[in-house]
Visitor: 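Next up is a structure, given as structure tokens.
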Amino acid sequence: MRYQKPKGTLDILPGESQKWQYVENVAQQIFSKYQYQEIRTPIFEQYEVFARSSGDTSDIVSKEMYDFEDKGGRRLALRPEGTAGVVRSYVENKLFGPEHNNPYKVWYHGPMFRYERPQSGRQRQFHQIGVEALGSDAPEMDVETISMALNFLNELGLKDYKVVLNTLGDVQTRKNYHQALLDYLTPLKEQLSADSQIRLMKNPLRILDSKEAQDQKLVADAPSILDYLTDAAKKHFQVVTNLLDQIGVAYEIDANMVRGLDYYNHTIFEIMVTSPAFDNREMTVIAGGRYNGLVAQLGGPDISGVGFGLGLERLMLLLEQANNNLPEFLGPDIYLVDVNDADSAAVSKLLTQLRQAGISAERDYLHKKVKGQFKQANRLHAKFTLTIGDEELATKKAQLKRMADGSEFTVDLTDLSGILQQIKKG
RNA sequence: GCGGUAUUGGUGAAGUUGGUUAACACACCGGUUUGUGGCACCGGCAUACAUGAGUUCGAGUCUCAUAUACCGCCCCA
């Protein structure tokens, strides 16, 4: 039997994992400047948490969710996205209460699961970093969210992106527009693609997003949601765009941009990039928006939220392409060579002392000969080697060799700080 | 869920109309150097061609099924 990882999953091996740590560290740094703190919620939740929040007819719920029954007969699901779990936690822990700071700002990172066909940058287990700000319906909060996303990308050295913006308005807007769209499209039903004919019943907004040429032609003359905004919704969006203008964030408005999840309203945005990593096709790396009403939907008070999520697999492809100086794993500062097994205990003892003194140190564990140990030290990119044998142990003097140029220094084995000093000099 | 392409050692791969020991290179290990790396030379390294069936005297080479990867659709991060 030959085992292989499940379809659509990835081993993130050493070498690769450094990049992930780097990105997560940058996220942590940037987000904390905006006073976001990390939250860790379960990887699985009650099925209903996702079904209720995302919408029963959404693709995620209807065909992409990993749902299962546990041994106690509970219906659970692996999280397909991060927001629902965070909101559930916010409600369950009553984080809206007066003793907590609101807006309550959290970020998270971790694996998400969707049962779909894997492709480049798309996995069944994939990873997202996301942020949520709960408890403010101020448009300023939308803008902060967008600018934080951009700040994050900038810090990673990614520059070639554009911000695409739209508004889905409030409940009344949605209702009015929904009807207007139906009025327009229903007579044209026969001209729509087969997929879009189904969408017409389930979620007509999605037709706006169709890639079928025949649909796009019809959509071009469809009513725009921007003409159906209520006064309040219009005002909210205006403040958002004004603020973006004032802080110098360029954006495009795409009135046809929609969302696969039902819980969004008001401002939605995507940050898109065009990169050789995706064959120079436009690709969304960050998507977010406002979801007033979701907290209430999951049993909490009528509290607003806004956030975004980004796919780490896609981000990694971009970073590789951008070829920014990503961190590499460094070899040991010193590699201890033991000449024969009898000296092994002394070597291990010194090794421990060196590590306790705060430097990275390594030795041989394969009983290699001296030559082999030097090869190994070279391969690990060790900065120094220290050779220890009977003679050295007897005289307490040993040769510290700088691997870069081969120069050697005699050091006193009883003088740990002297050795450390020499190593720190490089 | 639908369609297309692919799958040979640790890696990159060659494998002719199905017919002896699965080429070559890199990496790795060992030796030349009985205590010192990066170079050179020598040697070693796939009972095995994704898995399972089938056709055949004989299959890495043909057929079918399954798995996985990649690409497109759907959808999305």
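Each chain gets a letter, A, B and so on, in the order its sequence line appears, and its residues count up from 1.
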Visitor: Please classify rG31(B) as syn or anti, treating any glycosidic angle within 90° of 0 as syn.
Guide: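 With its glycosidic angle more than 90° from zero, rG31(B) counts as anti.
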Visitor: Ring centroids only, cut at 6.0 angstrom: are Tyr335(A) and Phe374(A) within range, meaning strictly under it?
Guide: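 No - the distance between ring centres of Tyr335(A) and Phe374(A) does not fall below the 6.0 Å cut-off.
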Visitor: Can you tell me how the ring of Phe308(A) sits relative to the ring of Phe31(A), calling it parallel under 30°, perpendicular over 60° and tilted otherwise?
Guide: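 Phe308(A) and Phe31(A): perpendicular rings.
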Visitor: How far does the C1' atom of rC39(B) sit from the matching atom of rA22(B), given to the nearest Å?
Guide: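 Looking at atom C1' only, rC39(B) and rA22(B) are 32 Å apart.
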Visitor: Can you tell me the base-pairing partner of rA40(B)? Count Watson-Crick or G-U wobble geometry only, both distances below 3.5 Å, and say none if there is no partner.
Guide: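 WC or wobble partner is rU32(B).
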Visitor: Of the candidate nucleotides rG3(B), rG30(B), rC74(B), which contains the atom at the shortest distance from the side chain of Lys369(A)?
Guide: rG30(B)
Visitor: Measure CD/Glu282(A) against C1'/rA77(B) and give the value in whole Å, please.
Guide: 15 Å
Visitor: Name the pairing partner of rC57(B), where a pair is Watson-Crick or G-U wobble with both distances under 3.5 Å, or state none.
Guide: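 rC57(B) is paired with rG19(B).
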Visitor: If we take the P atom in both rA23(B) and rA46(B), what is their distance in whole Å?
Guide: 9 Å
Visitor: Which part of the nucleic acid, if any, lies within reach of Val285(A) when heavy atoms closer than 4.0 Å are counted: base, sugar-phosphate only, or nothing?
Guide: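 The residue Val285(A) makes sugar-phosphate contact but no base contact.
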Visitor: Mapping Glu116(A) and Lys368(A) to their closest nucleotides on RNA chain B, which lands nearer the 5' end?
Guide: Lys368(A)
Visitor: Answer with yes or no whether the side chains of His236(A) and Asp170(A) bring together a donor and an acceptor at under 3.5 Å.
Guide: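 The criterion, which ignores hydrogens and geometry beyond distance, is not satisfied for His236(A) and Asp170(A).
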Visitor: In whole angstrom, give the distance that lies between atom CG of Asp195(A) and atom P of rC2(B).
Guide: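 Computing the Asp195(A):CG to rC2(B):P distance gives 15 Å.
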Visitor: When the distance from CD of Gln119(A) to P of rC70(B) is rounded to whole Å, what number comes out?
Guide: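 Going from Gln119(A) (CD) to rC70(B) (P), I get 9 Å.
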Visitor: If only side-chain N and O atoms count, and only distance matters, is there a donor-acceptor pair under 3.5 Å linking Arg402(A) with Ser407(A)?
Guide: yes
Visitor: Any base atoms under 4.0 Å from Thr387(A), or only sugar-phosphate, or nothing? Heavy atoms, all strands.
Guide: base
Visitor: Can you tell me, in whole Å, how much space there is between the P of rU61(B) and that of rA69(B)?
Guide: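 After rounding to an integer number of Å, I get 23 Å for this pair.
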Visitor: Please report the distance separating the P of rU56(B) from the corresponding atom of rU66(B), rounded so that it comes out in whole Å.
Guide: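 After rounding to an integer number of Å, I get 23 Å for this pair.
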Visitor: Under a 3.5 Å cut-off for both distances, is rU7(B) Watson-Crick or wobble paired, and to whom?
Guide: rA67(B)
Visitor: Would the base of rG35(B) count as contacting Glu392(A) through its side chain, where contact means a donor and an acceptor less than 3.5 Å apart?
Guide: yes
Visitor: Can you figure out which of rC70(B), rA77(B), rG37(B) approaches the side chain of Pro118(A) most closely?
Guide: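 In terms of side-chain proximity for Pro118(A), the closest of rC70(B), rA77(B), rG37(B) is rC70(B).
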Visitor: Under 4.0 Å between any heavy atoms, over every strand shown, what does Gln123(A) touch: base, sugar-phosphate, or nothing? Just pick one.
Guide: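 Base, at least one base atom sits under 4.0 Å.
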Visitor: I'd like to know if Glu48(A) and Arg52(A) make a salt bridge, using a cut-off of under 4.0 Å between side-chain N and carboxylate O.
Guide: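 Looking at Glu48(A) and Arg52(A), the cut-off is not met.
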Visitor: Remember a base hit wins even if backbone is also touched, and classify Glu391(A) as base, sugar-phosphate or nothing at under 4.0 Å, heavy atoms.
Guide: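 It contacts base atoms.
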Visitor: Taking donor-acceptor contacts at under 3.5 Å, does the side chain of Lys401(A) reach the base of rG37(B)?
Guide: yes
Visitor: Taking the same atom, C1', in rG72(B) and in rU55(B), what whole-Å distance lies between them?
Guide: 34 Å
Visitor: With both distances under 3.5 Å as the test, what is the Watson-Crick or G-U wobble partner of rC24(B)?
Guide: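 Its partner is rG12(B) (Watson-Crick or G-U wobble, both distances under 3.5 Å).
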Visitor: Hey, what's the ring geometry for His109(A) with Trp107(A), parallel, tilted or perpendicular (30° and 60° as the breaks)?
Guide: parallel
Visitor: Is Arg40(A) close enough and on-axis enough to Tyr108(A), meaning under 6.0 Å and within 45°, for cation-pi?
Guide: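 The answer is no, since Arg40(A) fails at least one limit relative to Tyr108(A).
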Visitor: Could you check how far CE of Met65(A) sits from C1' of rG1(B), rounded to whole Å?
Guide: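 Interatomic distance, CE of Met65(A) to C1' of rG1(B): 17 Å.
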Visitor: Applying the Watson-Crick and G-U wobble criteria at under 3.5 Å, what pairs with rC73(B)? Answer none if nothing qualifies.
Guide: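 For rC73(B), the partner nucleotide comes out as rG1(B), under the 3.5 Å rule.
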Visitor: Ignoring hydrogens and angles, state whether a donor on the side chain of Ser32(A) or Gln37(A) is under 3.5 Å from an acceptor on the partner side chain.
Guide: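 Side-chain D/A pair, Ser32(A) to Gln37(A): absent.
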Visitor: Can you classify the ring geometry of Tyr264(A) versus Tyr291(A) as parallel (below 30°), tilted (30 to 60°) or perpendicular (above 60°)?
Guide: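 Judged by the thresholds at 30° and 60°, the geometry between Tyr264(A) and Tyr291(A) is perpendicular.
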Visitor: For Gly372(A), answer base if it contacts any base atom (sugar-phosphate contacts may also be present), sugar-phosphate if it contacts only those atoms, and nothing otherwise; contact means non-hydrogen atoms under 4.0 Å.
Guide: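 The residue Gly372(A) makes no contact with any strand.
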Visitor: Measure the distance from CG on Asp341(A) to P on rU34(B) and round it to the nearest whole Å.
Guide: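 Checked: the CG to P distance equals 18 Å.
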Visitor: What's the CD-P distance between Gln373(A) and rG30(B), to the nearest Å?
Guide: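 My rounded result for the distance is 11 Å.
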Visitor: Just checking Ala377(A): base, sugar-phosphate only, or nothing, at a heavy-atom cut-off of under 4.0 Å?
Guide: nothing
Visitor: Measuring only the P atom in each nucleotide, how far is rC28(B) from rU11(B)? A whole number of Å is fine.
Guide: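 That atom pair is separated by 15 Å.
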Visitor: When the distance from CE of Met112(A) to C1' of rA77(B) is rounded to whole Å, what number comes out?
Guide: 10 Å
Visitor: When the P atoms of rG60(B) and rG18(B) are considered, how many whole Å apart are they?
Guide: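 Those two atoms are separated by 13 Å.
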Visitor: Quote, to the nearest angstrom, the C1' distance that separates rG15(B) from rU7(B).
Guide: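 Result for the C1' pair: 15 Å, nearest Å.
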Visitor: In whole angstrom, what separates Gln376(A)'s CD from rC29(B)'s C1'?
Guide: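 Rounded to the whole Å, the gap is 12 Å.
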Visitor: Does Asn340(A) reach a base, just sugar-phosphate, or nothing at all? Heavy atoms under 4.0 Å.
Guide: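 Nothing, no heavy atom under 4.0 Å.
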Visitor: I want to verify a distance call: between rU32(B), rG4(B), rA77(B), whose nearest atom is closest to the Arg114(A) side chain?
Guide: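 That would be rA77(B).
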Visitor: When you measure from the side-chain N and O atoms of Arg379(A) to the phosphate of rC29(B), is any distance below 4.0 Å, counting only OP1 and OP2?
Guide: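 It does, given that an N or O in the side chain of Arg379(A) lies less than 4.0 Å from OP1 or OP2 of rC29(B).
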Visitor: Please list, by residue number, the residues of residues 4-25 of chain A whose heavy atoms come closer than 4.0 Å to an atom of RNA chain B; answer none if no residue qualifies.
Guide: Gln4(A), Lys7(A), Gly8(A)
Visitor: Verify the distance criterion only: is there a donor paired with an acceptor across the side chains of Glu132(A) and Thr83(A) at less than 3.5 Å?
Guide: yes
